[in-house]
Visitor: 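Below: one structure in structure tokens.
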Amino acid sequence: MTDPNPSTAAATPATDPFDPPRSPEEIEAAAALDARESLAQEENMQAELKALQAKVDELIDQALRAQADAQNARRRADEEIAKVRKFAVESFAESLLAVVDSLEAGLKVENASAEQLREGTEATHRQLMSVLERNKVVEINPAPGARFDPTREQAITMVPAEQEPGTIVVVLQKGYLIAERVLRPALVTVAAPRAD
């Protein structure tokens, strides 16, 4: 048997044939309940969306703050490095002033004997070497017969010699390290391979 009112049939959901038919009030109440549930779901979704948007905003703010902190830390580190360099040079220059004073004092002495000049020069040289060592500048002065080290020495020439080939014959000019880094290599002559 068909429902004479087609609008009621469209509004009535398919039911189990064993369920008793629902009244228009029940159908209306069910529709109102569905509408309230849909509205509640939509409100929940809106609340979740707002909460997620707030979390996104918070994370963006944290990321921007972290980026600003990193830039500030980098700027402070650059400033610190610049200060360290400036004051390291200042400290080194200050320690050299005593050597300059000694040289100037030696130059003021008139009619100094060769022995006095030599003693003054040696004392000033010791003072200068002390300043260099305090500032981590160390000589590279290999002994004759030592194995040639290309990381610290520069061979100017190879010469025939009675010693082991590849060893140092003579140091022509001392080299220097600064904090374990080669500032200037030692200039040396090296024993050539023997022609047998």
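One-based numbering along the sequence shown. Below, each value reflects all heavy atoms present in this structure, side chains not excepted, and no hydrogens, waters or symmetry copies.
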Visitor: Show me, pair by pair, the donor-acceptor contacts under 3.5 angstrom made by side chains of residues 87-98, not counting sequence neighbours?
Guide:
from: S95; atom 1: OG; to: S91; atom 2: O; distance (Å): 3.4
from: S95; atom 1: OG; to: F92; atom 2: O; distance (Å): 2.7
from: S95; atom 1: OG; to: N135; atom 2: ND2; distance (Å): 3.4

Visitor: Identify whether M129 and V138 are in the same connected component of the hydrophobic contact network (ILVMFWY, side-chain heavy atoms under 4.5 Å).
Guide: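 No.
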
Visitor: When you measure from the side chain of E153 to the backbone N and O of D149, does any donor-acceptor pair fall under 3.5 Å?
Guide: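 Yes, because the side chain of E153 sits within donor-acceptor range (under 3.5 Å) of the backbone of D149.
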
Visitor: Taking all atoms of both residues into account, what is the closest heavy-atom pair of A161 and R194, and its distance?
Guide: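 Here A161 and R194 meet closest at O-NE, 4.2 Å.
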
Visitor: Does a side-chain heavy-atom distance below 4.5 Å link D57 with D61?
Guide: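 A side-chain contact under 4.5 Å is absent here.
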
Visitor: Kindly compute the distance separating NE2 (H125) from OG (S102), expressed to the nearest 0.5 Å.
Guide: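 Rounded to the nearest 0.5 Å, the NE2-OG separation comes to 13.5 Å.
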
Visitor: Decide if atom CD of E115 counts as having more than 12 heavy atoms of other residues, nucleotides or ligands within a radius under 6.0 Å.
Guide: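 No, the 6.0 Å shell around CD holds no more than 12 heavy atoms from other groups.
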
Visitor: Can you tell me how far CD1 of I140 sits from CD of Q154, rounded to the nearest 0.5 angstrom?
Guide: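 Between Q154 CD and I140 CD1, I get 11.5 Å after rounding to 0.5 Å.
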
Visitor: Among residues two or more places apart or on two chains, list those pairs meeting side chain to side chain donor-acceptor pair (under 3.5 Å) that have a residue in residues 157-167.
Guide: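 Passing the test, one end in residues 157-167: Q163-T167.
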
Visitor: Do V131 and V100 land in one hydrophobic cluster if side-chain heavy atoms of ILVMFWY residues count as linked below 4.5 Å?
Guide: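 No, no single cluster joins them.
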
Visitor: Say you draw a straight line from CD of E133 to CD of E139; how long is it, rounded to the nearest 0.5 Å?
Guide: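 Going from CD on E133 over to CD on E139, the span is 7.5 Å.
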
Visitor: Would you check if there is a donor-acceptor pair between the side chains of S130 and R126 at a distance under 3.5 Å?
Guide: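 Looking only at side-chain atoms, S130 and R126 do not form any donor-acceptor pair under 3.5 Å.
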
Visitor: For residues E58 and Q62, is any side-chain donor paired with an opposing acceptor at under 3.5 Å?
Guide: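 A pair is found: one side chain offers a donor N or O, the other an acceptor, under 3.5 Å apart.
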
Visitor: Dump the intermediate steps for salt bridge (charged side-chain N to carboxylate O under 4.0 Å, His left out) on E122 and R118, then the final yes or no.
Guide: CA-CA 6 Å; E122 287 174 352; R118 180 157 186 87; 3.2 Å; yes

Visitor: Are any non-hydrogen side-chain atoms of V188 and V169 less than 4.5 angstrom apart?
Guide: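 They are not in contact (no side-chain heavy atoms under 4.5 Å apart), so the answer is no.
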
Visitor: Membership question, hydrophobic clusters at under 4.5 Å side-chain separation (ILVMFWY): are V159 and I168 in the same one?
Guide: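 No; V159 is not reachable from I168 via cluster members.
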
Visitor: Would you say that P142 contacts V171 through its side chain, given a criterion of any heavy-atom pair below 4.5 Å between the two side chains?
Guide: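 Contact flag for P142/V171 side chains = yes.
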
Visitor: Does a side-chain heavy-atom distance below 4.5 Å link R74 with Q71?
Guide: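 Side-chain contact under 4.5 Å: yes.
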
Visitor: Calculate, to the nearest 0.5 Å, the distance between atoms CG and CG belonging to L117 and L107 respectively.
Guide: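 These two atoms lie 9.0 Å from each other.
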
Visitor: Among residues at least two apart in sequence or on other chains, which ones pass side chain to side chain contact (heavy atoms under 4.5 Å, CB included) with R75?
Guide: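 Listed in chain order: N72, E79.
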
Visitor: Is there a chain of hydrophobic side chains (I, L, V, M, F, W, Y, each step under 4.5 Å between heavy atoms) that links L132 to V99?
Guide: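 They do share one cluster, since a chain of ILVMFWY contacts under 4.5 Å joins L132 to V99.
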
Visitor: Under a 4.5 Å cut-off applied to non-hydrogen side-chain atoms, are V182 and T151 in contact?
Guide: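 Answer no - side chains too far apart.
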
Visitor: I178, L128: one ILVMFWY side-chain cluster at the under-4.5 Å cut-off?
Guide: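 Yes, one cluster joins them.
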
Visitor: Are the side chain of R152 and the backbone of N141 linked by a donor-acceptor contact shorter than 3.5 Å?
Guide: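 Here the side-chain-to-backbone pair does not exist.
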
